[in-house]
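Worksheet: one structure, shown below.
Along the sequence shown, the residues carry numbers beginning at 1. In what follows, every heavy atom counts, from backbone to side chain, and hydrogens, waters and symmetry copies are set aside.
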Amino acid sequence: MTISFENIELLEVCEKEEHALKAFGEETSRRLFARISDLMSVEFVSEIPLGNPRTYGEATDQLMINIDENYVLVFGPAHPKNPYLENGQLDWSKIYRIKVLKIEKLNANSYLFSA
């Protein structure tokens, strides 16, 4: 899978250990890198093995996966022309280019907010 990033800060925190450690600490950083590795190891989004992939709230064109019990990684398709099913939904089984949009923290009430 091909991965791009919404901004340079996300790129750096997902690719550079010192940025991830500063933002999230050792354990979450280790798990973040494992999730990025999981994403890179599959051909299509539908093959993501871990992290409980699911839609991001009401947004059917964005998915999130768990980094750990406190953080989720949110991404969307990044094709020039995204593949759709006949019902108008994205065909995630054909998405092989994604853009990481954000990392969010889950608070005690499970509401999401930007990290």
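In this structure, Glu69 CD and Leu106 CG are separated by 9.5 Å, a value rounded to the nearest 0.5 Å. To the nearest 0.5 angstrom, Asn82 atom CG is 8.0 Å from Trp92 atom CH2. Atoms CD1 and CD, on Ile8 and Glu15 in that order, are 8.5 Å from each other to the nearest 0.5 Å. Here the straight-line distance linking atom CE of Met1 with atom CE of Met40 works out to 10.5 Å at 0.5 Å rounding. A distance of 10.5 Å separates CD1 in Ile67 from CZ in Arg31, rounded to the nearest 0.5 Å. A distance of 9.5 Å separates NZ in Lys99 from CG in Asn7, rounded to the nearest 0.5 Å.
Contact between Ala78 and Ile98 at its shortest, heavy atoms only, is CB-C, 3.6 Å. The two atoms that bring Ala20 and Phe33 nearest to each other are CB-CZ, 3.6 Å, heavy atoms only. Taking all atoms of both residues into account, the shortest heavy-atom contact from Leu50 to Ile65 is O-CG2, 4.4 Å. Between Leu21 and Ser29, the shortest heavy-atom contact is N-OG, 3.2 Å. Contact record, Tyr56 with Met64: CD1-SD, 3.8 Å, taken as the closest heavy-atom pair. Taking every heavy atom of both residues into account, Phe75 and Val100 meet most closely at CB-CA, 4.0 Å.
Ile36 and Val42 fall within a single hydrophobic cluster, where Ile, Leu, Val, Met, Phe, Trp and Tyr are joined by side-chain heavy atoms under 4.5 Å apart, directly or via other members. Note on Tyr96 and Leu39: separate hydrophobic clusters, where clusters join Ile, Leu, Val, Met, Phe, Trp and Tyr whose side-chain heavy atoms are under 4.5 Å apart, directly or indirectly.
Taking the side chain as every heavy atom from C-beta outward, Leu11 and His19 never approach each other to under 4.5 Å. Between Val45 and Pro77 there is no side-chain heavy-atom pair separated by less than 4.5 Å. Within the 4.5 Å cutoff, the side chain of Val13 has heavy atoms near those of the Phe24 side chain.
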- Message: Show, in sequence, the C-alpha distance, side-chain angles and deciding distance for Asp68 and Glu27, and conclude whether the side chain to side chain contact (heavy atoms under 4.5 Å, CB included) test is met.
- Response: CA-CA 9 Å; Asp68 60 17; Glu27 185 63 25; 5.6 Å; no
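Between Lys22 and Glu12, no side-chain nitrogen of the basic residue sits less than 4.0 Å from a carboxylate oxygen of the acidic one, so the salt-bridge criterion is not met. The pair Glu26-Arg30 does not count as a salt bridge, with every side-chain nitrogen at least 4.0 angstrom from each carboxylate oxygen. Note on Lys102 versus Glu104: salt bridge recorded, some NZ/NE/NH1/NH2 to OD/OE distance being below 4.0 Å.
Panel note: side chain His79, backbone Arg97; a donor-acceptor pair is recorded below 3.5 Å.
The one candidate from Thr60, Asp61, Leu63 that meets the side-chain contact (heavy atoms from CB on, under 4.5 Å) condition with Leu90 is Asp61.
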